[in-house]
Amino acid sequence: MFRRCIARPSICTRLHPHPPWPLPSATIRPRLQSTAPEQKPPTRGKWEKPPTSRKWHLYVVIGLISFTVGSWYRILVLNNRKEDPTSFKTFKLISKEEVSSTASIFTIKPQTERQLVSTEAWKQGIWNVEFKQPQLQIVRPYTPLPPALADELDTDVPEELRFLIRKDARGGEMSSYLHRLPLGSTIELRGPNIEYPYTALGKDVKSVIFIAGGTGIAPAMQLAHAMFDGLNERQKKEKALHILWANRSREDCAGGGSDGPAAATHTTPKAASNSWSWTSILSLLAKIANDTVAEVEKVQVQPNAIIYQLNSLKSQSSERISLSYFVDEEKTYIHTGTIEDALSSIKAATGQEKTQIIISGPPGFITYLAGPKVWQDGKEKQGPLGGRLAQVLGKEGRDDVKVWKV
Ligand SMILES: Cc1cc2nc3c(=O)[nH]c(=O)nc-3n(C[C@H](O)[C@H](O)[C@H](O)COP(=O)(O)OP(=O)(O)OC[C@H]3O[C@@H](n4cnc5c(N)ncnc54)[C@H](O)[C@@H]3O)c2cc1C
């Protein structure tokens, strides 16, 4: 700015009340210096105030003006900058905790308090922030996990954010970059982008079935937090959230045990559709073996960090959250029977027909269960309902069930 001032004095005149270059004394003389010592003012009597007293008043006025301008600058400019979702904020990577061989939890901390991402977003529902890869100048969205303890949101410490980030074996540009970063590195992000405003859209929706694939569990955890945080026991009892979480391998959900009737739907799609035959008997035996393995895992394996937090969200909701795990390598999948069971168990839990189904995960997962999202006018839109959910809801004639693809 200063360089530009030297080149264009006319602009400087507007920006600076006192021009930075010397002016002929006859042209402009600053008002404060107008009483030159050699020209003594005529004495006007004993009531006239001495010049030092006039200066004192002037200092007070200048002080007050500076204070007012400073306060307004802080309120209007700095506070707005803090909430501005379009400007990048700088965070520091403070920890990486391995959850499985393919995913870690990253914790980042704002560099200053002004870099906070709004705590209001936690109450709104599902939201994400965009990370920047500075060398390639690309951005990708990531979903903050809710704070491990509900009280953490009320503290005055600068807000830390945690993310479950997949390590992409095929070398995705952003995920490889993030997993390579050493502790202490800076990360630039912008947001929040509210994706599903539960408080605005879903106020009257008390029962939710959340179908998550892989890191799609992060939005489910955000919703669990938004649905139950700060409610009293009576309010909690009016709500129910059923999370169906599908993973490729058991290590991603190590230590997680399914609740309720949906646990009994651990079966392959093939086994479910076959009539009695040798194949179905073999499938049934495989299922019993898998269920036994799952039970053993449930008892013996320590919950990983995500399962630990899911269990904690469940107990904070007074057991109004139920969880069902599906694992590709154990041949347990989400299929039409699973969705039918989830719909009837959620209805039994709240006595309500009105249900919201939310589905979140990789594009192939969303397409298989609910049909693809579509691009229209440069924006990603929901697209028509398809896949397994369209089959189940069409068969049952359930137009009271709304589906949202994250
Ligand atoms: C709303 C939203 C929230 C999200 N939240 C999270 C989150 O919390 N955690 C998370 O981990 N992810 C999340 N994602 C996904 C994330 O934004 C990125 O898309 C993901 O990390 C992959 O980005 P990338 O740059 O690493 O991969 P890209 O380079 O964009 O590659 C895209 C895909 O192509 C594949 N690919 C790349 N190179 C090859 C190759 N040579 N051959 C074959 N395949 C290849 C990659 O495996 C990847 O699956 C979210 C996405 C959305 C839309």
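Just so you know, these numbers come straight off a predicted model, no measurement behind them. Residues: numbered from 1 along the sequence shown. Just follow the structure's listing: the first ligand is 1, and inside any ligand the first atom is 1.
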Worksheet item: Are any non-hydrogen side-chain atoms of Leu178 and Tyr142 less than 4.5 angstrom apart?
Response: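 Yes - at least one pair of side-chain heavy atoms lies under 4.5 Å apart.
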Practice prompt. For atom 25 (O) of ligand 1, decide whether some protein heavy-atom distance is shorter than 4.0 Å.
Written response: yes
Discussion item. When you measure from atom 32 (C) of ligand 1 to the protein, is at least one non-hydrogen atom found at a distance under 4.0 Å?
Written reply: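 Within 4.0 Å: no protein heavy atom nearby.
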Counting heavy atoms only, which of [options] is nearest [atom]?
atom: atom 49 (O) of ligand 1; options: Val406, Asn193, Asp168; answer: Asp168
atom: atom 28 (P) of ligand 1; options: Glu380, Glu130, Glu173, Arg162; answer: Glu173
atom: atom 8 (O) of ligand 1; options: Leu136, Leu178, Leu145, Thr143; answer: Thr143

Discussion item. Tell me whether the rings of His179 and Phe106 are parallel (<30°), tilted (30 to 60°) or perpendicular (>60°).
Written reply: perpendicular
[X] neighbourhood, listing ligand 1 atoms whose heavy-atom distance to it stays under 4.0 Å:
X: Asn128; result: 1 (C)
X: Glu195; result: 1 (C)
X: Arg166; result: 11 (O)

Worksheet item: Is Glu238 salt-bridged to Arg320, cutoff N-O under 4.0 Å?
Response: no
Worksheet item: With a 4.0 Å cut-off, would you call Glu330 and Arg250 a salt bridge?
Response: yes
Worksheet, complete the sentence: If you scan protein heavy atoms around atom 4 (C) of ligand 1, the nearest is Pro141 O, 3.3 Å
I'd like a table of donor-acceptor pairs (distance under 3.5 Å, sequence neighbours excluded) in which one partner is a side-chain atom from residues 379-393, with atom names and distances.
from	atom 1	to	atom 2	distance (Å)
Gln382	OE1	Lys405	N	2.7
Gln382	NE2	Lys405	O	2.8
Arg388	NE	Tyr368	OH	3.4

